[in-house]
Amino acid sequence: MHGEPAADAVALGRIRRADDVLEMQRAARKGGTEPVLRWLARRTGAKVLLMTSAGTPAHQPQGPLSDAERRLAQRGSRELAAERRRGSVAIDQDGLTCIVLPLDGSRGAAAPFLAAVAPRPTPPELPLLLADATSVLSLSWLAEHVGRQQRRLTVAEAGTREAVMHLLLNGHTSAARQVAGALGPALPATVRVYVIEGPPQARSQLAEELGEVTDDDVWIVQCPVYVDHLFMLEPGDSAPMRVWPPRLASTCWIGESNAVPLRETATGYAQAFHALAAARAGLERQASFAANPDLALAVGPTAAVWSATFLAPLYAHRPGRPQDPDSTELLATAASWLSFRSSATAHLKIHRNTLSARLTLIQELLGLNLHRLADQAALALALRTAAATKALAPPEDGAAEAASPTLDELLLQPRVRAWAQEQLRPVTAPDVPECVGETLATWLRLDARIGSTATALSVSMSAVRKRLTRSEALLQRSLLRSPSAVHDLWLALRALDQCSGSVDRLWAGEYLPGDAVMVPE
């Protein structure tokens, strides 16, 4: 008879222990180690935390620790780290008891220790509860450790892919190939570039969904400049991507470039960006770049001579100090700023003060005022011509410089005039309201400043934006968001100005003889 109560107590103890283990498992399934530690603290009344072998908390403790509790937990962790064969450590000191047990890790993963500090006398079930908790916490911690490692790898891979895209956009094709070869897949000889614009908060998930439906040789990169943009590079010799994941197709806009050589990825990006502007204005949410001749090609071989002479001070620049930018960095900074303006800091990974200092130096070396659209357009054409013609060095002698034409002389060529007319033709069609072309011309004349344009036309800034948005749809080019076609359009107007022979007539909005092209106000 006397044995029955004892047997009942043992059975009840086993049931209670089983319930405790189930509660810990439920807590682990809900949120991992933290809910289990909170449950242990409530169940035992002890301060429960994970400690490293160095005696420091591996996370924020469950409740504040007194100095005595912290010292006791540190001592117990260090003693167990020094003598792991003991399996556990129990220390009584200053009216407190500290129990420390190891968690099970995996190869290469040093698991922390489970420590509990409680006032004496401690609950008799505390050691058993902690021992049962170690198996649950070991699995939870290991899963969290693997998850952290995977996230680090994902971040590292994304950073490497971004670096490859950065190298390609800055013309460093060989370096990009080397980095891409280490990461995989190898970069193809020709590429087609896509710019995908969608909800910023869903960008990572959209990239994953896109990766599931594309081949292994496709590169998908999150844009470092625009938080709502994704890049995608696919081999140029493959069929263009037409079947997109359903959510991406219904919530995003997609711009597609022509197939371009890998070394001209920057050109492909600009094409895709302009196609994106056309996609926003269409019903299908996707658009391909509308082929348009490049001004550098229209100008012909003399463009290379002009570009080399124009950029000669940058090529010849030698930094005075090791930390100062060299000519290569200045050229990359100029190209990035013309494409992204203030967001060039994100593209180049530099501080805004560094960007400002470099732009000031570029202006001083070239004798430009980059607040003026005219000087921006000239620099943009020179950089693009240098990239297209591989004019990577200044003329070798003064004779070449003397023979170099001026920008206005380049724009006087008949081929350039034809190019300029083609650029402006969409906004001068008979069915287009006259105010659209007038607003575009005024905006270009006033250095692409919306406020000044609104004042000049006596309309609101909102009206100016709406008209420029209409121009974007007609031209199928981005105007209000960089990379913008604003430099090409300014050069087109300047070319027609030179051909007309009268600046006053050009800005007065008259037509050139025999042309159906509206020129600026």
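Worth saying up front: this structure is predicted, and the values here are computed from it rather than measured. All heavy atoms count here, side chains included; hydrogens, waters and symmetry mates do not. Just so you know, residue 1 is the first one in the sequence shown, and it goes up from there.
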Hey, what's the ring geometry for W306 with F310, parallel, tilted or perpendicular (30° and 60° as the breaks)? tilted

Using 30° and 60° as the class limits, which term best fits the ring planes of Y269 and F231: parallel, tilted or perpendicular? perpendicular

Restricting to non-hydrogen atoms, name the atom on [X] and the atom on [Y] that form the minimum distance, rounded to 0.1 Å.
{"X": "R494", "Y": "D408", "result": "NH2-OD2, 2.9 Å"}
{"X": "S471", "Y": "V436", "result": "OG-CG1, 3.2 Å"}
{"X": "K349", "Y": "P224", "result": "NZ-CB, 3.8 Å"}
{"X": "L365", "Y": "P313", "result": "O-CB, 3.3 Å"}
{"X": "G198", "Y": "C252", "result": "CA-SG, 3.7 Å"}
{"X": "D375", "Y": "N369", "result": "OD2-N, 2.7 Å"}

Give a yes or no on whether [X] atom [atom1] has more than 12 heavy-atom contacts from other residues, nucleotides or ligands under 6.0 Å away.
{"X": "E284", "atom1": "CD", "result": "no"}
{"X": "R352", "atom1": "CZ", "result": "no"}
{"X": "D216", "atom1": "CG", "result": "no"}
{"X": "H351", "atom1": "NE2", "result": "yes"}

Side-chain heavy-atom pair [X], [Y] within 4.5 angstrom cut-off:
{"X": "R465", "Y": "I450", "result": "yes"}
{"X": "T251", "Y": "P199", "result": "yes"}
{"X": "R280", "Y": "T469", "result": "no"}
{"X": "L295", "Y": "R384", "result": "yes"}
{"X": "L411", "Y": "R417", "result": "no"}
{"X": "W219", "Y": "R161", "result": "yes"}
{"X": "E197", "Y": "R481", "result": "yes"}
{"X": "L479", "Y": "L489", "result": "yes"}

Are V486 and L444 close enough, and set up right, to give a side chain to side chain contact (heavy atoms under 4.5 Å, CB included), and what steps lead you there? CA-CA 7 Å; V486 62; L444 293 170; 3.5 Å; yes

Kindly compute the distance separating [atom1] ([X]) from [atom2] ([Y]), expressed to the nearest 0.5 Å.
{"X": "C223", "Y": "D228", "atom1": "SG", "atom2": "CG", "answer": "8.0 Å"}
{"X": "L493", "Y": "L424", "atom1": "CG", "atom2": "CG", "answer": "5.0 Å"}
{"X": "I196", "Y": "E256", "atom1": "CD1", "atom2": "CD", "answer": "10.5 Å"}
{"X": "H145", "Y": "Q149", "atom1": "NE2", "atom2": "CD", "answer": "4.0 Å"}
{"X": "E209", "Y": "I220", "atom1": "CD", "atom2": "CD1", "answer": "11.0 Å"}
{"X": "L311", "Y": "L383", "atom1": "CG", "atom2": "CG", "answer": "5.5 Å"}

Side-chain donor or acceptor of [X] paired with backbone N/O of [Y] under 3.5 Å:
{"X": "T385", "Y": "L381", "result": "yes"}
{"X": "Q476", "Y": "F289", "result": "no"}
{"X": "D326", "Y": "T328", "result": "yes"}
{"X": "T354", "Y": "I350", "result": "no"}
{"X": "Q205", "Y": "A202", "result": "no"}
{"X": "N170", "Y": "L167", "result": "no"}
{"X": "S458", "Y": "A454", "result": "no"}
{"X": "R415", "Y": "V299", "result": "yes"}
{"X": "E409", "Y": "T406", "result": "yes"}
{"X": "S307", "Y": "A382", "result": "yes"}

Less than 6.0 angstrom from the centroid, inside 45 degrees of the normal: does [X] satisfy that with respect to the ring of [Y]?
{"X": "R449", "Y": "W443", "value": "no"}
{"X": "R341", "Y": "W337", "value": "yes"}
{"X": "R285", "Y": "W253", "value": "yes"}

Steps toward side chain to side chain contact (heavy atoms under 4.5 Å, CB included) verdict (V218, M232): CA-CA 7 Å; V218 171; M232 190 178 86; 3.5 Å; yes

Just checking, any donor-acceptor pair under 3.5 angstrom between side chains of [X] and [Y]?
{"X": "Q363", "Y": "R358", "result": "no"}
{"X": "H347", "Y": "S336", "result": "yes"}
{"X": "T214", "Y": "E234", "result": "no"}

Salt bridge check, R477 against E472: does any charged N sit closer than 4.0 Å to a carboxylate O? no

Any chance the rings of Y194 and W244 have centres within less than 6.0 Å? yes

Do V164 and L187 pass the side chain to side chain contact (heavy atoms under 4.5 Å, CB included) test, and can you show the C-alpha distance, the side-chain angles, and the key distance before you say yes or no? CA-CA 10 Å; V164 170; L187 294 170; 4.0 Å; yes

Check the pair L314, L366 against side chain to side chain contact (heavy atoms under 4.5 Å, CB included), reporting the backbone distance first and the verdict last. CA-CA 7 Å; L314 281 185; L366 297 179; 3.9 Å; yes

